[in-house]
Amino acid sequence: MKLKTEWIKQGFIDEPITEGIDLQKEIRRMAEEKNAVILAHYYTKGEIQEIADFIGDSLALARKAAETDAKIIVMCGVHFMAETCKILSPDKLVLCPDLNAGCSLADSCKADDLKKYKEAHPGYQVISYVNTTAAVKALTDVVVTSGNAKKIVDTFPKDAKIIFGPDYNLGSYINEITGRKMLLWNGGCHVHERFSVPEIIKLKEEHPKALVLAHPECKGPVLAIADIVGSTAVLLKYAVEHPTEEYIVATEAGILHEMQRQCPDTKFYPVPPEVSEGSIGCHCNECDYMKMNSLLKIYNTLKYEWPTVEVDTKIAKKAVKPIEKMLELS
């Protein structure tokens, strides 16, 4: 995805602003003035989470925004999340601070490729992770999150023919704990793919009493040594309910901001990734795409009410159905 030439020419991203302006205060002022709701994913920068009306996982944020009377939704996350907001709130203006903020996981499954794969496997139903484009959701029977994937899969007959995608690690984990043999799309998150057992063992040696929290997008060996496996919301909830523990956290480091805010006396140790030669797209244990969101971009997005995110009407009508199906089953 490329930013529109007009956006770059007009300098909206790097437009000079009055020296000394309080961006956080100005963003909140404009949000109230324009009846806008600001959503921030757990993986965005802490300063962005601090000015958001709601922080959380992608689907939870989209649903929350749909419940408000806000006219404008500012999705501080990545592009597919803004698409999901538009699908659930078609009459609202949905803004994305940087259209270049993509997702390696969503990009690993193109709609055309999934369509061909479905045609090659007649009789199979498609379960898609929420981290997908609107076009992929339109080809899906039911959407799942990392938090409800097992529950949704369990509603299918044991002999059901299922294609699960695009996250191979999540699908493999669900196969293991359910005894299923779903066909798995070979996609992955560039951040979670890089967490490794050796790095966790090093931290365990330094902090032997710490529990390991891991997101199911991590590889199987990492999940095998984790004490708690779950979505960002599940990991946060566990930490809040057990604040006297110490934690080694194997997920994108942005979640530590909210963990530390809710558990100020708890010690959290982020797992560094295993760095391979020539690797790109990730610094430390952070998602470069999420970090493309900035206060200045949010300020300009609200000021100019641009760039907007639109979803083709025909695709949106199809894409909302698997989301509604998930809500029925969960």
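In what follows, residues are counted from 1 in the order of the sequence shown.
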Any heavy-atom pair between the side chains of [Y] and [X] that's under 4.5 Å?
X	Y	value
Lys325	Thr140	no
Val271	Val222	no
Phe54	Thr68	yes
Met290	Val78	yes

Problem - Atom of Ile162, atom of Arg180 and distance for their closest heavy-atom approach - result: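 Smallest heavy-atom distance, with atoms named: CD1-NH1, 4.1 Å.
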
Problem - Which atom of His242 lies closest to which atom of Tyr247, heavy atoms considered - result: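 For His242 versus Tyr247, the nearest heavy atoms are O-OH, 2.6 Å.
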
Practice task
Measure the acute angle between the ring planes of His192 and Tyr43, then classify it against the limits of 30° and 60° as parallel, tilted or perpendicular.
Solution key: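 Rings of His192 and Tyr43: tilted, as their planes differ by 30° to 60°.
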
Does the pair [X]/[Y] count as a salt bridge with the N-to-O cut at 4.0 Å?
X	Y	result
Glu324	Lys321	no
Lys291	Glu252	yes
Arg28	Asp53	yes
Lys116	Glu119	no
Glu83	Lys137	no

Practice task
Say whether Thr251 and His215, considering side chains only, have a donor N or O and an acceptor N or O under 3.5 Å apart.
Solution key: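 The criterion, which ignores hydrogens and geometry beyond distance, is not satisfied for His215 and Thr251.
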
Practice task
Look at the side chain of Asp141 and the backbone N and O of Ile127, then say whether any donor-acceptor pair between them is shorter than 3.5 Å.
Solution key: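 A pair under 3.5 Å: no.
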
Handout entry: Reported CG-to-CD1 distance for the pair Leu236 and Ile55, which is rounded to 0.5 angstrom
Key =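 Reported value, rounded in 0.5 Å steps: 7.5 Å.
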
Problem - Glu26 vs Arg29, salt bridge (charged side-chain N to carboxylate O under 4.0 Å, His left out): CA-CA, chis, key distance, verdict - result: CA-CA 5 Å; Glu26 278 300 296; Arg29 181 191 65 77; 3.0 Å; yes

Exercise for the section: Please answer: with hydrophobic residues joined when any side-chain heavy atoms are less than 4.5 Å apart, are Leu59 and Val144 in the same cluster? Expected result: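 Yes, it is one cluster - the side chains of Leu59 and Val144 are joined through contacts under 4.5 Å.
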
Handout entry: Given Phe164, Tyr117, Tyr129, Tyr168, the one that forms ring pair (Phe, Tyr, Trp, His ring centres under 6.0 Å) with Trp185
Key =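 So, applying the ring pair (Phe, Tyr, Trp, His ring centres under 6.0 Å) to Trp185 and each of Phe164, Tyr117, Tyr129, Tyr168, only Tyr117 qualifies.
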
